[in-house]
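Structure first, then comments.
This one's a predicted model, so the numbers in the text were calculated from it and none came from an experiment. Below, all heavy atoms of this structure are taken into account, side chains as well, without hydrogens, waters or symmetry copies. Numbering of residues begins at 1 and proceeds along the displayed sequence.
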Amino acid sequence: MSKQVRDSAGHLWPQIVGRLGTTTFLAVDNTSQQSHAAGTGVTLMRVAVANTDSHIHFEIGTNPTATSTSKIMPAPNIEYFRVEPGEKIAFLRGAASNINVSITEVVLLEQ
């Protein structure tokens with residue numbers, strides 16, 4: 001069962017109760033690059049794209065490769081993706097310049 005909270009404007013948002021774990025920083029270029037593998041107990045990965053003028057392509061799996069036809073995440077943005085332990089996220093830039101990406105494990109806490 002998920003929980004939701006209301007912000008000051010009354011909008012509902014999912015409440016994520018977890019501990020942030022290992023973080024990897026990547027300067028994503030025109031070659032697919034993979035994050036670290038999700039560790040034991042990790043069910044979410046937090047992906048933050050810092051650039052303001054482009055997007056990234058991404059794939060999730062045990063040995064993923066991102067291509068120009070992969071899913072798109074706009075920048076700047078922060079997203080949470082469901083993963084299984086051992087899975088990675090692969091990234092490919094969607095613009096001419098490198099894109100800075102931060103990938104952080106989220107270990108959910110027992111409720």
- Where the side chain of S35 meets the backbone of I103, is there a donor-acceptor pair that is under 3.5 Å apart?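 No, S35 side chain to I103 backbone: no donor-acceptor pair under 3.5 Å.
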- Side-chain (S32) to main-chain (T65) donor-acceptor, under 3.5 angstrom: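 Such a contact is absent between S32 side chain and T65 backbone.
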Between [X] and [Y], which heavy-atom pair has the shortest distance, and what is it?
X	Y	value
G94	I99	N-CD1, 4.0 Å
P64	T62	CD-C, 3.7 Å
G41	P85	N-CG, 4.1 Å
T23	S102	CG2-OG, 3.5 Å
P76	A50	CB-O, 4.1 Å
M73	V49	CE-CG2, 3.7 Å

- Query: Considering residues at least two apart in sequence or located in another chain, which fulfil the side-chain hydrogen bond (donor to acceptor under 3.5 Å, both in side chains) criterion with D29?
  - Reply: Q33
- Message: Run the side-chain hydrogen bond (donor to acceptor under 3.5 Å, both in side chains) test against S70 and tell me which residues pass, sequence neighbours left out.
- Response: E59, T67
- Task: Applying side-chain contact (heavy atoms from CB on, under 4.5 Å), run through F58 and V101 and close with a yes or a no.
- Result: CA-CA 11 Å; F58 70 95; V101 178; over 6 Å; no
- Query: Do L92 and I60 share a hydrophobic cluster (ILVMFWY, side-chain heavy atoms under 4.5 Å, transitive)?
  - Reply: no
- Please check if I78 and L20 belong to a single hydrophobic cluster, counting links between Ile, Leu, Val, Met, Phe, Trp and Tyr side chain heavy atoms closer than 4.5 Å.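 Yes: a chain of side-chain contacts under 4.5 Å links I78 to L20.
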- Item | Member of Q34, E87, K88 meeting the side chain to side chain donor-acceptor pair (under 3.5 Å) criterion with N63 | Q34
Starting at [atom1] of [X], measure out to [atom2] of [Y] and round the result to the nearest 0.5 Å.
X	Y	atom1	atom2	result
L26	R93	CG	CZ	14.0 Å
I89	F81	CD1	CZ	6.0 Å
L44	E105	CG	CD	11.0 Å

- Taking ring-ring contact (aromatic ring centres under 6.0 Å, His included) as the test, write out the residues that go with H55, two or more places apart. H57
